[in-house]
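Shown next, in structure tokens, is the structure this report addresses.
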Amino acid sequence: MRGGLAGDIALAVSVHVAALVALGLSFSAAPPVRSEPDTRAIQTVTVDESRVKAAMERIAEQKQQAEEKRQAELERIERERKAEEQRLAEARAEREAEAERQRKLEEQRKAEAERQRKLEEQRKAEEKRLAEAKAEREAEAERKRKLEEQRKAEAERQRKLEEQRKAEEKRLAEAKAEREAEAERKRKLEEQRKAEAERQRKLEEKRKAEQAEREAALEEQLAEERAARAADQAVASLSGVWNNQISGNWTRPPTVPDGLTCVIRIRVAPNGLIRGAELVESSGNQAFDESALRAVRKTAELRMPNDEAVAKRLSPIDLHFSPQG
């Protein structure tokens, strides 16, 4: 642009110089002795000044056009810069929303992994406990087997003693002493038997108590699973109802097209009162997302299951909102 302006100025200067030279030549070429004015020379000078003026006007017009063109170009660049800034801001907001969604998904994944880890620890602990109980039962069975062998051996000994007693009646005193010793031994054995019976009774009580605890824990786990399944079924059956409830309070913004869907996390009390809502997955259309949140807040209360225990498990609800009608 500066090169064109310099060229115009150079042209104007050249035209002025040429006009002055021509004027000077006209005066110098005129005969000194003639008193009458030279009409042709005057006309030539007039024509050259008109050309200079026209050239200057063209230069001014070209300069003005160049300036207008430059201003228009600057305005176009500014519009493009603002549009690019807006596009970058929207892209940044969308990336941040996606990062937040990924973070929450990662938290859910870690929580599930932790839950699975604890379940695995419980399973291993139960397997270990059962193995120890089995080993204990086997040891007890082995102990009883040995006691039975001892009992049989003792019976055999008693038989032989009885034979000896009958065969050696003359040794009644010694036999009496032996019988008294045997009675004492039997007394001790009886005490041992009673102590063993008491130990067996306590072991049985312990086994029954542990069995009752396991059954109670299993029943609690089954009840928890049943409640979870009931909550999932309730969400599946009521999602359409909730979507229709919120759709009834939704007003379509002028620029929102059909077919948009967003995910809204709704915190709801067991009686259905909405305590809060936030956008967890955008539809890509900010106007639609904001109108969906307004519809949720306007709804105020959602239909809930009659079972209060199931209703308590539902919050928060991640609702895929897609307007009906």
Side-chain angles (χ1 to χ4, degrees), residues 107-235 270 305-314:
E107 287 180 354
Q108 293 175 359
R109 185 193 66 76
K110 289 181 179 178
E112 178 62 18
E114 178 65 13
R115 189 181 72 82
Q116 291 295 330
R117 184 187 65 78
K118 290 181 179 178
L119 288 175
E120 180 64 16
E121 287 181 354
Q122 292 175 359
R123 184 189 66 77
K124 289 181 178 179
E126 180 64 13
E127 287 181 352
K128 181 179 178 182
R129 190 190 63 74
L130 291 174
E132 291 174 351
K134 180 181 178 182
E136 187 175 349
R137 289 194 302 272
E138 291 175 350
E140 180 64 18
E142 179 64 15
R143 190 186 66 80
K144 287 182 177 181
R145 186 188 64 78
K146 290 180 179 180
L147 285 175
E148 180 64 17
E149 288 180 352
Q150 291 175 4
R151 187 191 64 76
K152 290 179 179 180
E154 179 63 19
E156 180 65 16
R157 192 182 71 84
Q158 289 295 328
R159 185 185 63 78
K160 291 179 179 181
L161 283 175
E162 182 64 17
E163 288 178 353
Q164 290 175 4
R165 187 189 62 77
K166 291 179 179 180
E168 299 179 1
E169 286 183 343
K170 62 180 181 179
R171 299 175 62 185
L172 293 177
E174 294 176 358
K176 181 180 178 181
E178 187 175 347
R179 287 193 300 272
E180 289 175 352
E182 181 64 16
E184 178 64 15
R185 189 185 66 79
K186 286 183 177 181
R187 184 187 65 77
K188 292 180 179 179
L189 284 175
E190 180 63 16
E191 289 180 352
Q192 293 176 2
R193 186 191 65 76
K194 289 179 179 180
E196 177 62 20
E198 179 64 15
R199 193 179 72 84
Q200 289 295 325
R201 185 186 64 78
K202 291 181 179 180
L203 285 174
E204 181 64 15
E205 288 180 354
K206 181 180 178 182
R207 184 190 66 78
K208 289 180 179 180
E210 290 177 349
Q211 179 67 22
E213 289 178 0
R214 288 195 300 274
E215 290 176 355
L218 179 59
E219 180 60 28
E220 183 178 353
Q221 182 179 355
L222 291 174
E224 181 72 14
E225 291 176 356
R226 286 194 297 269
R229 286 194 299 272
D232 292 340
Q233 292 171 357
V235 170
N306 294 328
D307 190 335
E308 184 176 357
V310 176
K312 287 181 178 179
R313 296 180 62 90
L314 294 184

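Values in this document were obtained by computation on a predicted structure and should not be read as measured data.
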| request: Dump the intermediate steps for salt bridge (Lys or Arg N to Asp or Glu O under 4.0 Å) on Lys202 and Glu205, then the final yes or no. | output: CA-CA 5 Å; Lys202 291 181 179 180; Glu205 288 180 354; over 6 Å; no

| query | Should Arg187 and Glu190 be marked as a salt bridge (Lys or Arg N to Asp or Glu O under 4.0 Å) after you check the CA-CA gap, both sets of side-chain angles, and the distance that decides it? | reply | CA-CA 5 Å; Arg187 184 187 65 77; Glu190 180 63 16; over 6 Å; no

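Under the side-chain hydrogen bond (donor to acceptor under 3.5 Å, both in side chains) criterion, Glu112 pairs with Arg115, Gln116, sequence neighbours left out. Annotation: side-chain hydrogen bond (donor to acceptor under 3.5 Å, both in side chains) contacts of Glu107 (sequence neighbours excluded): Arg103. For Glu138, there are no side-chain hydrogen bond (donor to acceptor under 3.5 Å, both in side chains) partners two or more places apart in sequence or in a different chain.
Counting only heavy atoms from C-beta outward, the side chains of Leu314 and Pro270 never approach each other to under 4.5 Å.
Within the model, atoms CD of Glu204 and CD of Gln211 stand 10.5 Å from one another, a figure rounded to the nearest 0.5 Å. Atom CG of Leu189 and atom NZ of Lys194 lie 12.5 Å apart (nearest 0.5 Å).
Contact check on Lys124 versus Glu127 returns no salt bridge, with no Lys/Arg side-chain nitrogen under 4.0 Å from an Asp/Glu carboxylate oxygen. Between Arg207 and Glu210, no side-chain nitrogen of the basic residue sits less than 4.0 Å from a carboxylate oxygen of the acidic one, so the salt-bridge criterion is not met. The existence of a salt bridge linking Arg129 and Glu126 is confirmed by a sub-4.0 Å separation between a basic side-chain nitrogen and an acidic carboxylate oxygen.
For the pair Glu136 and Leu203, the tightest heavy-atom approach, listed with the atom from each and the gap, is OE2-CD2, 3.5 Å.
Residue-environment remark: CD (Gln108) exceeds the threshold of 12 foreign heavy atoms within 6.0 Å.
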